[in-house]
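A quick write-up on the structure given underneath.
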Amino acid sequence: MHRPFALVLATALMIAGCADRDSPETRVRHTVDAMETAAEARDVGDLMEFIAADFRDGYGQGRDELRRYVQGYFIANQSIHLLTRIEQIDFPHPDEARLQVTVGMVGREADAANAWNLAADVHDFDVTLRRDGEDWRVIHAARRRPGG
């Protein structure tokens, strides 16, 4: 009698597990993880795959300006390590995700004569992603002001 119950429970858990992997929140978290991996690999092309063509930052700059900034950052920092924490995810619409993200960035500067010359910063960002088929792309990102 316990065996059929265990089988039904195991099946239900497998189905729930599969559904969770495909949930919008799981996909958004996977996108953020993949962006972190691309940045740490200093791969501009891979990182820009996650940026929508109509991207705008908090200053109104677009995708091309972001690409140039990222290229410069990668040149200036020969080694990049990120610690990313998603503080909050909201879905105001099924195809839109709004995140509050904290990113700790440590980079080794390229012109460092001393191996201990590190640049470290912690920034808070408001990020908006839009669903693009099965993928999520960043359409807006802005640094959050302290206390904001």
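Distance alone, capped at 3.5 Å, places no donor-acceptor pair between the Glu49 side chain and the Asp46 backbone. Distance alone, capped at 3.5 Å, places no donor-acceptor pair between the Arg67 side chain and the Met48 backbone. In terms of modelled atom types and a separation under 3.5 Å, the side chain of Arg137 and the main chain of Phe55 share no donor-acceptor contact.
The two residues Val138 and Ala141 have their closest heavy-atom pair at CG1-CB, 4.4 Å. When all heavy atoms of Glu40 and Leu82 are compared, the closest pair comes out as OE2-N, 2.8 Å. Nearest heavy atoms, Trp136 versus Ala97: CZ3-N, 3.7 Å. Annotation for Ala52 and Arg63: closest pair O-CD, 3.3 Å, computed over non-hydrogen atoms. The minimum heavy-atom distance between His140 and Ala142, with the atom names listed, is CE1-CB, 3.7 Å. When every heavy atom of Pro92 is checked against every heavy atom of Asp90, the shortest pair comes out as CD-O, 3.4 Å.
More than 12 heavy atoms of other shown residues, nucleotides or ligands fall within 6.0 angstrom of atom NE2 in His123. Counting heavy atoms of neighbouring residues, nucleotides and ligands inside a 6.0 Å radius, atom OH of Tyr69 does not exceed 12 of them.
Counting heavy atoms from C-beta on, the side chains of Asp135 and Thr31 never come closer than 4.5 Å. Side-chain contact between Ile80 and Tyr73 is present, with at least one heavy-atom pair separated by less than 4.5 Å. No side-chain heavy atom of Thr84 sits less than 4.5 Å from a side-chain heavy atom of Met35.
Distance check, rounded to the nearest 0.5 Å: CD of Glu96 to CD1 of Ile139 gives 5.5 Å. With rounding to the nearest 0.5 angstrom, the CD atom of Gln100 is 7.5 Å from the CD atom of Glu87. Within the model, atoms CZ of Arg56 and OG1 of Thr128 stand 14.5 Å from one another, a figure rounded to the nearest 0.5 Å. Separating the OG atom in Ser23 from the CZ atom in Arg29 is a distance of 9.0 Å, to the nearest 0.5 Å. The structure places CG of Leu129 at 11.0 Å from CZ of Arg131, a figure rounded to the nearest 0.5 Å. Note: Arg143 CZ to Asp124 CG = 9.0 Å, rounded to the nearest 0.5 Å.
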Side chain to side chain contact (heavy atoms under 4.5 Å, CB included) between Gln78 and Arg42: does it pass, once the steps are laid out? CA-CA 8 Å; Gln78 295 300 300; Arg42 300 174 57 244; 3.5 Å; yes

Should Glu36 and Val103 be marked as a side chain to side chain contact (heavy atoms under 4.5 Å, CB included) after you check the CA-CA gap, both sets of side-chain angles, and the distance that decides it? CA-CA 10 Å; Glu36 180 179 343; Val103 181; over 6 Å; no

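Hydrophobic clustering, with ILVMFWY side chains joined whenever heavy atoms are under 4.5 angstrom apart, groups Met105 together with Leu66. Criterion: ILVMFWY side-chain heavy atoms under 4.5 Å apart, direct or through other members. Under it, Leu99 and Phe125 are part of a common hydrophobic cluster. Val32 and Leu83 sit in two unconnected hydrophobic clusters of ILVMFWY residues. Membership requires side-chain heavy atoms under 4.5 Å apart, directly or through other members.
Note on Arg144 versus Asp126: salt bridge recorded, some NZ/NE/NH1/NH2 to OD/OE distance being below 4.0 Å.
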